[in-house]
Amino acid sequence: MREIKGTIEDIIFMNPDNGYSVILIDYEGDPLTVVGNFPPVSEGESVELSGEFVTHPKFGKQFKVATVKRAEPQSVDSIIRFLSSGLIKGVGPKTAMNIVNTFGRKTLEVIENTPQKLSQIRGITPAKAQIIQEEYLKNKRIQDAVMFLQNYGITINTALKIYGIYAESTIERVKANPYCLIEDVDGIGFLTADRIASNMGIAKDSPLRIRAGILHVLTDTGERNGNTYLPKEILLEEVYKLILQDEALVANAVDSLILDGKLRTEEVDGATAVFDRKTYRAERGIAKSLMERLALANRVYTDASRDISNYQQIYSIDFNEAQVDAIKCVMENGVSVITGGPGTGKTTVIKCIIYLAERLGLKYSLMAPTGRAAKRITESTGKNASTVHRALGRNDEDGEALEVDLVIVDEVSMMDVYLMNVLLKRIPQHAKVVLVGDKDQLPSVGAGNVLSDILKCGLVPNVKLEFIYRQSGGSLIAENAHMVNMGQMPNLDEKNRDFFFINSTSVEETAKTVLDLVQFRIPKFLDIDPLKIQVLCPMKNGDAGVKNLNNLLQQRLNQNGGGLTVKETLLKKGDKVMHTVNNYSLKWVRYSPYYESGEGVFNGDMGVVEYADAGTGELKVVFDDGREAVYSRVELDELTLAYAVTVHKSQGSEFDAVIIPLAAGSPQIMTRNLLYTAITRAKKMVIIVGSRFNVKRMVENDYIASRYSALKFFMTSAEREFRLLYDSVD
């Protein structure tokens, strides 16, 4: 890391959103281009920079900035340039010259401490003098805050994000409690906040640290393991492992957080369950909403037999008994659940429900958790479907109620407790709710066991579809998926259909085979673009894992130069990428089939990079559903390469062709339901690359990671409360 000093000569470019700048400085008498994230600066300022010299292929030698320290201009000329740079509103070159001619090198001291003196100058009223001081101090506070945070190892990019949240109180807030960053700033976890606190001299046994550790463990167990709570004993153990402090101190801190209302407890399955407040509210809210709907929702009518018969005649369809039961279940209940694997006719049932709704004049809405899943519903039903996030608009309970009489949500197994709670709160009480999914797929990436718990509680009317329609049409994908789901070895030997197995004896051979399949063999066989082929990996690491295959596939498929480096990965024009978090404020536009715009790009959305501009730090992605979004440098870490993704990340999606590289891995990962989920993501072709032993090992491994979730408990409790209420009314 080099350190240099210089004076800012020219600000060639500055992105106001993230501070990414291209600046020309006077360095040892010669001009030098410096690039990176800067706090607000202006021409004439002296700066101390740390970073490294790099050579840009087009623009030559540059200095890539890591940290910036600002020094106020000292010479009369530099002060004039600083004031007239436009950083301080209301001060142009002429006014700057008059101020400096009057106060000389003391100009900045006067502006900061005695601004009323500025009114001595012609054209500056006392009110304008006050504005000049406020503008000067505002920029100084930003610079001071950024430099303060840099001292604790925080990048300029993150520092500007922190200032955007805390504004003038940044230094005060962080000094008082650096652990507040965990809850308030995306991308800052306990370890970062703990390092800052340690550098500030906060004691290891500080109540602030212990409380933050407790809240972090509960948040982390939801994000990593899908738990909505932890038994109190396990919570204490995990917090102790994290902060290595006396268990009595931790136990007292937990009790204190419970008294403060930050944590909530219930007796679940014979143990004291500890929830963070947000998750408790979400899981309990789902239970209450579902039980209210079952008890109070209007029934349109109870006998749909005639209309179902008419539908079959009109469309020449012969429903099986379970499909008829599913349609009747929807029409007779406020909430209903329809489950089934691939090829069991879930879409056909949805079409009939839509037909009945239209006959009755009901306003309905079709939804799915991801853009790909919503697009699939639109294509299969001919009716417009949207993501749950887009349908809600605002991601909170207090938004306006949806104007609907019927809501059908597909791929419910993907939904976590937070999204499901908000959705149910926003659906009017009279409307019917239909939850559709496959209970045997992997659970949601987020916290909770929504679909599984709803089915296990036994209180919500549900129908399981089991007859496989696609099998009669010759689909080995559907047939093998169901065989895997039942613990049977799939048919790996039949050729010339839609399911293939390629034996591979090493991970190196597996990786090479995957590359050849994506680049040459499948595009030729199916006549499709390689970007339509999706590699689904059980694991992130290893030669046959997501990280390595993404790098290799990028080298094979994308020869474009340039790009932007994000977390040691180069993103270039033409790259296939995935958005990895929910960003509710990222703006997008869509030009086809008609123009529309909105906000919100969500975890799992996939697209292709249209351009990546190293000069501006901006990158544009065109998503699969036609939305286009421009990312600033501060948002780039929300993207990752997606030539290969984990099976978990593929949930709710469907691809023309799926390649599944199987290498040896942990029994907790190499499971039956993971293989089942991967196979069911394909429309036209599945290719497994690996050994028969690993396929057999996964089929026989019915391990499902248990989650601590309390939705079943809350639903049972809510049902009991409603029953007592109505019994007392009667």
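Values in this document were obtained by computation on a predicted structure and should not be read as measured data. What you see below is based on every heavy atom in this structure, not just the backbone, and it leaves out hydrogens, waters and symmetry mates.
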Q.
Checking the side chain of His389 only, and the main-chain atoms of Tyr584 only, is there a donor and an acceptor separated by less than 3.5 Å?
A. no
Q) Are Asp613 and Lys620 ion-paired here, with the side-chain N under 4.0 Å from a carboxylate O? A) no
Q: Measure from NZ or CZ of Lys278 to the centre of the six-membered ring of Tyr418 and say whether it is under 6.0 Å with the direction within 45° of the ring axis.
A: yes
Q | Trace of the side chain to side chain contact (heavy atoms under 4.5 Å, CB included) decision for Val689 with Phe501 | A | CA-CA 6 Å; Val689 184; Phe501 172 75; over 6 Å; no
Q. Please, which pairs that meet salt bridge (Lys or Arg N to Asp or Glu O under 4.0 Å) have at least one residue in residues 522-551, sequence neighbours excluded?
A. none
**Q.** Geometric cation-pi criterion Lys683 and Phe655, 6.0 Å radius, 45° cone
**A.** no
Q: May I ask you to check whether over 12 heavy atoms, not counting those of Glu403, lie within 6.0 Å of atom CD?
A: no
Q. Distance-only, no hydrogens or angles: does the Ser597 side chain make a donor-acceptor pair with backbone N or O of Val589 under 3.5 Å?
A. no
Q.
Can you confirm whether the side chains of Gln554 and Lys576 place a donor and an acceptor under 3.5 Å from each other?
A. no
Q: Look at the side chain of Arg590 and the backbone N and O of Glu628, then say whether any donor-acceptor pair between them is shorter than 3.5 Å.
A: no
Q: Check the side chains of Ser585 and Asn583 for a donor-acceptor pair under 3.5 angstrom, ignoring hydrogens and angles.
A: yes
Q. Taking Arg627 for the side chain and Gly600 for the main chain, is one N or O donor matched with an acceptor at less than 3.5 Å?
A. yes
Q.
Any donor-acceptor pair under 3.5 Å linking the side-chain atoms of Tyr364 with those of Glu358?
A. yes
Q.
For Asn673 and Gln441, which I'm curious about, is there any donor-acceptor pair between the side chains at under 3.5 Å?
A. no
(Q) I'd like to know if the side chain of Thr677 reaches the main chain of Leu442, judged simply by a donor and an acceptor atom lying under 3.5 Å from each other, with no hydrogens or angles considered. (A) yes
Q. Would you say the side chains of Asp440 and Asn485 form a donor-acceptor pair under 3.5 Å?
A. yes
Q.
Parallel, tilted or perpendicular: which one describes the rings of Phe623 and Tyr631, with boundaries at 30° and 60°?
A. tilted
(Q) I'd like to know if the side chain of Asn582 and the backbone of Phe602 have a donor-acceptor N/O pair within less than 3.5 Å. (A) no
Q. Tell me the side chain to side chain donor-acceptor pair (under 3.5 Å) pairs involving residues 404-413, sequence neighbours left out?
A. Arg376-Glu411, Asp405-His430
Q) Quick one: does Lys375's side chain have a donor or acceptor within less than 3.5 Å of a partner on Asp624's backbone? A) yes
Q. Is it true that a side-chain atom of Thr387 and a backbone atom of Arg390 form a donor plus acceptor pair closer than 3.5 Å?
A. yes
